[in-house]
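Read the structure below first, then the notes.
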Number of protein chains: 2
Amino acid sequence: MITPSLPPSPIEVPEVKLFRALLMQVGLVRRVMTPYFRRFGISGAQWAVLRALARAHRDGLEGLKGSEIGDRLLIRPPSVTGVLDRLEREKLVQRLPSQADRRMKLVSLTTQGRELVEQLEAGHAGHIQQVFAGLSAQEQMELRTLIDKLNQHLTQLADQVEKSTS
Amino acid sequence: MITPSLPPSPIEVPEVKLFRALLMQVGLVRRVMTPYFRRFGISGAQWAVLRALARAHRDGLEGLKGSEIGDRLLIRPPSVTGVLDRLEREKLVQRLPSQADRRMKLVSLTTQGRELVEQLEAGHAGHIQQVFAGLSAQEQMELRTLIDKLNQHLTQLADQVEKSTS
DNA sequence: TCTACTTAGTTAGCGTACTAAGTATATAGG
DNA sequence: CCTATATACTTAGTACGCTAACTAAGTAGA
């Protein structure tokens with residue numbers, strides 16, 4: 001006889017609860033940050049790209065290639081193309097063909113893009129501090145240590161997944 | 001004279017570094033989990049819904065209404081509609097009109113959906129344990145405590161954002 | 001040299017998140 | 001009773017992530 005009901009709930013290991021807490025965190029951070037970036041007419045992903053380009057600019061580089069942006073942001077090439085398309089449409093970045101390697105395009109901030117970065121940077125630290133205001137400086141340090149350690153492990157795990165898939 | 005260059009990089013407060021570590025974590029978890037769910041023909045969001053429905057089923061409920069699902073998963077009504085559309089297409093869930101309140105539809109697992117939940121639950125804990133294998137049991141507990149505390153704060157902050165926007 | 005492989009970027013198509021706005025039903029206040 | 005508000009869900013349109021597949025260009029090996 002086929003039972004139409006589910007068997008009793010499996011024992012919930014602590015890792016699963018931790019994982020759900022982590023997913024909750026992701027959702028909450030999205031809800032807090034998305035409207036914040038919206039005020040500047042951009043998205044979180046767009047800000048991440050603008051910030052990477054600003055850093056490159058300050059390091060004296062002419063620009064970044066798309067693949068470098070993708071590596072830093074942990075997103076795949078098609079996602080980079082999409083975000084750059086929209087940033088270029090808003091005239092915040094430009095894609096200049098490279099003479100050295102004609103396959104790639106060097107992406108850099110426009111004057112308008114640099115102005116927006118400046119404007120955003122003025123209040124950015126303050127807003128991020130609000131996000132973590134629920135934790136003491138000590139707790140923030142502990143969290144940082146744990147996340148870094150977890151990220152190291154996840155990087156390894158992600159590489160394994162990548163290989164086994166391809 | 002207008003400077004075409006950016007002013008020097010603002011001082012990077014620890015919170016900003018922590019925030020970037022957190023974003024990194026989000027990207028890495030996505031890269032590890034998405035291929036895992038893919039093996040079962042579903043997505044992470046779909047699993048979250050199936051799991052919520054399984055829990056409701058075990059609690060003896062006929063089903064959940066869409067808004068309850070959205071509340072648990074921290075997603076808005078249109079996202080719930082979309083995920084349910086695809087789950088219904090795959091015959092994993094069903095939307096039954098409620099007689100008590102004709103506005104809502106009670107969402108529940110189909111037999112096929114229950115079978116998939118069972119199948120997935122068999123190996124789920126093991127996979128999640130892999131995700132956190134980079135941390136000791138002690139560290140996992142600490143991380144859990146910190147995330148819970150942060151989530152409490154973020155919930156409050158998200159509510160404020162919601163109110164100020166509307 | 002010429003083929004094979006690699007790298008850079010794009011396009012196509014899908015799933016999931018959002019806001020804004022619309023429909024239908026329920027409930028409350030005058 | 002009947003209008004106003006609130007609730008439940010959907011539709012429309014946008015952004016961002018992915019895989020698969022494609023073009024173009026550089027690189028290496030027979």
Side-chain angles (χ1 to χ4, degrees), chain A residues 23 26-39 41-49 63-71 73-90 95-107 158 161-162 165-166, chain B residues 23 26-49 63-71 73-90 92 95-107 158 161-162 165-166:
Chain A
L23 291 181
V26 172
L28 288 166
V29 168
R30 187 174 1 91
R31 292 210 170 169
V32 170
M33 294 305 293
T34 305
Y36 165 69
F37 287 117
R38 215 180 153 71
R39 295 210 302 265
I42 60 172
S43 69
Q46 287 169 11
W47 167 244
V49 170
L64 291 177
K65 34 184 229 176
S67 58
E68 287 171 333
I69 296 173
D71 290 345
L73 274 55
L74 284 177
I75 56 176
R76 306 285 181 197
S79 306
V80 177
T81 298
V83 177
L84 289 179
D85 282 348
R86 289 175 284 271
L87 284 171
E88 202 173 34
R89 196 182 63 200
E90 301 301 324
R95 282 188 263 210
L96 301 174
S98 163
Q99 295 150 317
D101 187 335
R102 285 183 306 169
R103 287 171 302 180
M104 71 190 195
K105 298 165 186 174
L106 277 177
V107 183
V161 170
E162 183 120 7
T165 306
S166 61
Chain B
L23 292 181
V26 172
L28 288 167
V29 168
R30 187 173 0 92
R31 292 210 171 170
V32 170
M33 294 306 291
T34 305
Y36 165 68
F37 287 117
R38 215 179 153 71
R39 295 209 302 264
F40 297 94
I42 60 171
S43 70
Q46 287 170 11
W47 168 245
V49 170
L64 291 177
K65 36 184 226 176
S67 59
E68 286 171 332
I69 296 173
D71 291 344
L73 273 55
L74 285 175
I75 57 177
R76 307 285 182 197
S79 306
V80 177
T81 298
V83 177
L84 291 179
D85 282 348
R86 288 175 284 270
L87 285 172
E88 202 173 35
R89 196 181 62 198
E90 301 300 325
L92 297 171
R95 282 187 263 211
L96 301 175
S98 164
Q99 295 149 316
D101 186 335
R102 285 184 306 169
R103 288 171 300 180
M104 71 190 194
K105 298 166 186 173
L106 276 178
V107 184
V161 169
E162 183 120 6
T165 304
S166 62

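Naming: A, B, ... by sequence-line order, numbering from 1 per chain. Since we're looking at a predicted model, the values are computed, not measured.
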Q. Considering only D/dT19, D/dC18, C/dA8, which nucleotide approaches the side chain of A/K65 most closely?
A. C/dA8

Q.
Does any part of the side chain of A/R86, heavy atoms only, come nearer than 4.5 Å to the side chain of A/Q46, both counted from C-beta?
A. yes

Q | Main-chain N/O of A/L87 paired with A/E90 side-chain donor or acceptor, under 3.5 Å | A | no

Q) Can you tell if the side chain of B/L84 reaches within under 4.5 Å of the side chain of B/R95, non-hydrogen atoms only? A) yes

Q. Which part of the nucleic acid does A/L74 contact within heavy-atom distance under 4.0 Å: base, sugar-phosphate only, or nothing?
A. sugar-phosphate

(Q) Could you tell me how far apart A/Q46 (CD) and C/dC18 (C1') are, to the nearest whole angstrom? (A) 14 Å

Q) What nucleic acid atoms does B/S79 come within less than 4.0 Å of, heavy atoms only: base, sugar-phosphate, or nothing? A) base

Q: Side chain of B/S67 only, please: which of C/dA26, D/dC9, D/dC18 is the nearest?
A: D/dC9

Q) Does any non-hydrogen side-chain atom of A/V32 lie less than 4.5 Å from one of A/L28? A) no

Q: Whole angstrom is fine here: how far is it from CD in B/Q99 over to P in C/dA26?
A: 12 Å

Q: Using atom CG of A/L28 as one end and atom C1' of C/dA17 as the other, report the distance to the nearest whole Å.
A: 15 Å

Q) Under 4.0 Å between a Lys/Arg side-chain N and an Asp/Glu carboxylate O for B/R76 and B/D71? A) no

Q) Does A/R30 put a side-chain nitrogen or oxygen below 4.0 Å from OP1 or OP2 of C/dC18? A) yes

**Q.** Which nucleotide in C/dG15, D/dT19, D/dC18 has an atom nearest any side-chain atom of B/R31
**A.** D/dC18

Q: Calculate the interatomic distance between A/M33 atom CE and C/dA17 atom P; express it in whole Å.
A: 19 Å

Q. Out of C/dA26, D/dC16, C/dT19, which has the shortest distance to the side chain of B/P78?
A. C/dT19

Q | Under-4.0 Å side-chain N/O to phosphate OP1/OP2 contact, B/R38 with D/dT19 | A | no

(Q) What is the separation between atom CE on A/M104 and atom P on D/dT27, rounded to the nearest whole Å? (A) 11 Å

Q. Is A/R102 near enough to D/dA24 that one of its side-chain N or O atoms lies under 4.0 angstrom from OP1 or OP2?
A. no

Q: May I have the distance from B/R103 (atom CZ) to D/dA6 (atom P), rounded to whole angstrom?
A: 13 Å

Q) For the side chain of A/R95, counting heavy atoms from C-beta on, which of C/dT10, C/dC18, C/dG15 is nearest? A) C/dT10

Q.
For D/dC9 and B/T81 - does any side-chain N or O of the residue sit under 4.0 Å from the phosphate oxygens OP1/OP2?
A. no

Q: Send over the distance from A/F37 CZ to C/dT19 P, rounded to a whole Å.
A: 16 Å

Q. Which nucleotide in the list D/dG17, C/dT16, C/dT10 gets nearest to the side chain of A/K105?
A. C/dT10

Q | Candidate nucleotides C/dG15, C/dC18, D/dT19, ranked by approach to the side chain of A/R76 - the nearest | A | D/dT19

